[in-house]
Amino acid sequence: MTSDKESVFSGIDDLLQSLLERDPFLRPYEEALKRRIVNIHKMEKRLTQGKTDLAEFAAGHEYFGLHFSDEEWIFREWAPNATAVYLVGDMTGWLEKEAFALDRIKRDGVWEIRIPEKTLKHGDHYRLRILWHGGEGDRIPAYARRVVQDPETLIFNAQVWLPSSIYKWQCNDFRCPSGALFIYEAHVGMAQEEEKIGSYREFTRHILPRIIDSGYNILQLMAIPEHPYYGSFGYHVSSFFAASSRFGTPEELKELIDTAHAAGLAVIMDIVHSHAVSNEVEGLSRFDGTYYQYFHEGPRGFHEAWNSRCFDYGKYQVIHFLLSNCRFWLDEYRFDGFRFDGITSMLYRHHGLGKAFTSYEQYFDDNVDEDALTYLALANRLIHEVRPDALTIGEDISGMPGLAMPLSEGGVGFDYRFAMGIPDYWIRLIKHLPDEEWHIGHLWHELTNRRKDEKTISYSESHDQALVGDKTLIFRLIGADMFSHMRVSDENIMVDRGVALHKLIRLITLTTAGSGYLNFMGNEFGHPEWIDFPREGNAWSYRYARRQWHLVDDPDLKYHFIAHFDRDMIEFAKRFRILEFPGPHLLFEHLKDKVIAFKRGGLLFMFNFHPTRSYDNYSFEVLPGKYRMIFESDASEYGGHGRLLADQYHLTLPDTSRSKERHLLSLYLPTRTAIVLYFSPPVPG
């Protein structure tokens with residue numbers, strides 16, 4: 001009789017063959033790759049028992065938590081170490097009452113209570129009071145779908161949410177756009193201009209139209225799951241099934257997503273399964289009196305650098321909880337996918353801290369948490385089973401091979417991975433070297449150094465570069481002159497430099513990207529100031545936890561030039577489907593001249609990064625034909641000097657100085673300018 005392991009192994013050799021052919025450096029680790037595939041298969045079979053599928057298994061949110069059905073309330077919770085569990089809240093005067101005591105219905109620690117319909121009403125606040133040997137504590141239920149904070153006491157509680165009318169979706173047939181991704185990363189709370197926390201409704205009415213007009217086709221929302229500390233940027237999650245109430249109601253979030261869908265904009269969510277907040281009342285830590293219910297026991301269960309808890313991905317109930325969380329956001333709010341945060345921290349026991357990842361051995365040694373890798377593979381399988389068109393993006397700095405390859409080819413199953421080294425490189429370059437010392441060859445390597453068999457998303461900067469203590473690209477380029485010299489009528493050499501390089505950096509990052517491009521809210525117009533959430537150190541001010549849209553709306557300031565360029569850049573990239581073509585293919589680069597040329601999808605891209613030199617009749621070899629300039633960064637409507645003629649044609653000339661026939665293109669390349677030319681081959685005859 002063939003064992004389960006043998007049946008799995010029978011198809012693995014064929015499955016891995018294409019992966020090993022594409023990357024021969026993986027051959028020494030073939031057995032490790034096989035083991036990982038077997039682990040994924042075995043865990044899936046363990047979860048489904050061979051009787052169901054992952055989608056049906058990942059429905060814990062429909063069983064656990066508070067539900068109204070058949071004229072009664074049903075509540076269930078998993079707390080294996082508890083000796084008694086009570087519902088307490090407005091309906092009990094916050095006292096333990098026998099009528100609200102839960103019964104232990106399963107040996108593995110599932111507790112349940114059924115309550116008459118009129119006992120609870122919409123808006124009631126409640127918690128669990130959990131007793132265990134040697135102690136007790138109040139806890140917000142793990143599957144709570146609505147959690148609110150009292151504005152006076154600042155205490156969080158779960159809230160009964162059963163409005164008189166449910167949200168009626170208007171856009172019922174939305175599908176994620178095919179082709180390249182142009183992602184607009186945004187934070188609802190800090191999206192408004194007022195010094196306060198913005199709401200879902202304000203975002204829908206005032207920010208969505210800006211994003212739609214800018215041409216991006218994916219909206220990536222940060223900080224949606226409930227998090228006690230606003231300044232955590234949403235990355236210290238406490239209630240994984242509750243949309244943050246500080247931004248509004250569940251119906252208002254649904255309206256935001258529905259409105260985006262109606263405009264053709266997909267909405268993905270930052271999902272944080274790499275760790276959880278260490279809070280005990282609000283979060284999962286020591287939920288049933290033990291530190292190891294959801295997390296690893298001992299030091300491994302604590303992330304010292306992040307002051308958070310680390311999930312035990314080898315535990316059946318933990319995987320059930322996290323997979324159900326993935327399905328919940330797809331089903332309940334119709335999110336179109338996820339950007340998985342902090343994957344490097346999940347994949348390695350050292351969390352990637354202080355590691356350079358210079359050897360393949362580091363992807364297969366004892367530091368790899370293969371339970372976490374198995375979970376990520378199953379999460380991707382589940383998400384694509386529930387929504388075949390859904391998008392999954394992995395945020396990994398280590399370069400783990402196969403992360404964004406299909407499970408059917410031996411990968412982990414993400415659709416895309418972030419090219420996280422690129423924004424770090426831009427910061428290092430600008431911070432440590434004047435642009436006359438930029439090494440063009442190194443720049444090209446950093447922009448294009450990626451795994452060719454995995455789809456990647458590039459970005460020049462994200463929210464990480466905008467946080468307090470760091471600086472955005474535009475502020476690093478211009479400095480304090482941004483505060484006094486951004487008027488259109490004001491000539492300033494630092495502003496001129498910063499605006500020009502900002503455009504070049506974004507254009508070359510986009511046009512050399514693998515399969516997608518990302519921008520963080522406000523960076524498209526060069527938002528001048530960092531992000532600093534309210535905290536004791538700034539007297540709890542919201543001054544920097546907002547976006548100053550009036551800057552880009554003011555025609556007398558130069559910000560609108562940058563925004564205009566960004567919008568046209570995105571439109572141009574979409575119109576010519578640049579990221580859907582392979583490449584880019586380097587044609588020419590010159591260190592001293594600071595010039596780089598490459599081709600992609602029938603287009604020729606020329607960048608002159610030199611700070612002072614413009615070039616007349618700059619010649620280099622190309623295919624013979626006619627080249628029409630279709631896009632350039634120096635146009636006056638982009639805040640440039642208008643030194644080029646729009647739609648100008650350039651014809652190649654034969655080079656008669658050599659015996660071998662070749663054709664040269666001669667161009668005028670102004671300093672700190674990029675141009676894009678459309679190639680038309682010569683007509684025969």
- Pairwise side-chain contact, F247 with I197, heavy-atom cut-off 4.5 Å (strictly under): yes
- Is the closest basic N to carboxylate O distance between R417 and E395 below 4.0 Å? no
- Atom CG of N172: over 12 foreign heavy atoms under 6.0 Å: yes
- Message: Pairing donors with acceptors under 3.5 angstrom, does anything connect the side chains of E280 and S285?
- Response: no
- Query: Angle class for the F335/W329 ring planes (parallel below 30°, perpendicular above 60°, tilted otherwise)?
  - Reply: perpendicular
- Item | D415 and H384 side chains, donor-acceptor separation under 3.5 Å | yes
- Query: Is the number of heavy atoms from other residues, nucleotides or ligands under 6.0 Å of K254 NZ greater than 12?
  - Reply: yes
- Side-chain contact test, heavy atoms from C-beta onward, threshold under 4.5 Å: evaluate it for W549 versus F525 and give yes or no. yes
- Task: Check the pair T509 / W426 against side chain to side chain donor-acceptor pair (under 3.5 Å), numbers first and verdict last.
- Result: CA-CA 10 Å; T509 300; W426 281 122; 3.0 Å; yes
- Message: Hydrogens and angles aside, do N325 and H273 bring a side-chain donor and acceptor to less than 3.5 Å of each other?
- Response: yes
- Give a yes or no on whether the ring-centroid distance for Y167 and W169 is below 6.0 angstrom. yes
- Message: Between E202 and K196, does any side-chain N to carboxylate O distance fall below 4.0 Å?
- Response: yes
- So F340 and F338, would you call those rings parallel, tilted or perpendicular, with 30° and 60° as cut-offs? perpendicular
- Message: Name the residue from E282, R127, R146 that meets the side chain to side chain donor-acceptor pair (under 3.5 Å) definition with N157.
- Response: R127
- Query: Is there side-chain contact between F233 and H187, with at least one heavy-atom pair below 4.5 Å?
  - Reply: yes
- Query: Should the pair R506-E524 be classified as a salt bridge under the 4.0 Å nitrogen-to-oxygen rule?
  - Reply: no
- Item | D331 and R334 ion-paired at < 4.0 Å | no
- Message: Given the ring of F302, does R309 sit roughly above its face, with NZ or CZ under 6.0 Å from the centre of the six-membered ring and within 45° of the axis?
- Response: yes
- Query: Does F182 reach the side chain of S214, with side-chain heavy atoms less than 4.5 Å apart?
  - Reply: no
- Salt bridge check: are R210 and D553 linked by an N-O gap of less than 4.0 Å? yes
- Message: For K51, is the NZ atom crowded, meaning more than 12 foreign heavy atoms sit under 6.0 Å from it?
- Response: no
- Message: For H122 and W161, I'd like to know if the aromatic rings sit close, meaning centre-to-centre distance below 6.0 Å.
- Response: yes
- Message: Using a strict threshold of under 4.0 Å (side-chain N to carboxylate O), is an ion pair present between R547 and E193?
- Response: no
- Task: Using a strict cut-off of less than 4.0 Å between a Lys/Arg side-chain nitrogen and an Asp/Glu carboxylate oxygen, indicate whether E194 and R546 qualify as a salt bridge.
- Result: no
- Could you check Y216 against D566 for side chain to side chain donor-acceptor pair (under 3.5 Å), going step by step and ending with a plain yes or no? CA-CA 10 Å; Y216 291 83; D566 193 85; 2.7 Å; yes
- Is the CG atom of L154 crowded by more than 12 outside heavy atoms at less than 6.0 Å? yes
- Task: Decide, yes or no, whether a salt bridge links R339 with D270 under the criterion of side-chain N to carboxylate O below 4.0 Å.
- Result: yes
- Does the side chain of F321 come within less than 4.5 Å of Y143's, by heavy atoms? yes
- Query: Cation-pi between R76 and Y63: NZ/CZ under 6.0 Å from ring centre and within 45° of the ring axis?
  - Reply: yes
- Query: Any side-chain heavy atom of Y544 within less than 4.5 Å of one from I531?
  - Reply: no
- Verdict with reasoning, N279 to S238, per side chain to side chain donor-acceptor pair (under 3.5 Å): CA-CA 7 Å; N279 300 40; S238 54; over 6 Å; no
- Item | Heavy-atom check, side chain of T456 versus side chain of F418, under 4.5 Å | no
- Task: Could you label the plane-to-plane angle of the F328 and Y333 rings as parallel, tilted or perpendicular, counting under 30° as parallel and over 60° as perpendicular?
- Result: perpendicular
- Item | E571/R575 ion pair, N-O < 4.0 Å | yes
- Report yes if the side chains of L208 and L219 come closer than 4.5 Å at any heavy-atom pair, otherwise no. yes
- Item | Ring center gap for F287 and W78 short of 6.0 angstrom | no
- Query: Taking 4.0 angstrom as the limit, do D124 and K121 come out as a salt bridge?
  - Reply: yes
- Residues, nucleotides or ligands: over 12 heavy atoms within 6.0 Å of R577 CZ: no
- Task: Measure across V552 and A563 and return the closest heavy-atom pair with its distance rounded to 0.1 Å.
- Result: CG2-CB, 3.5 Å
- Compute the ring centroids of H275 and H351, then answer whether they are less than 6.0 Å apart. no
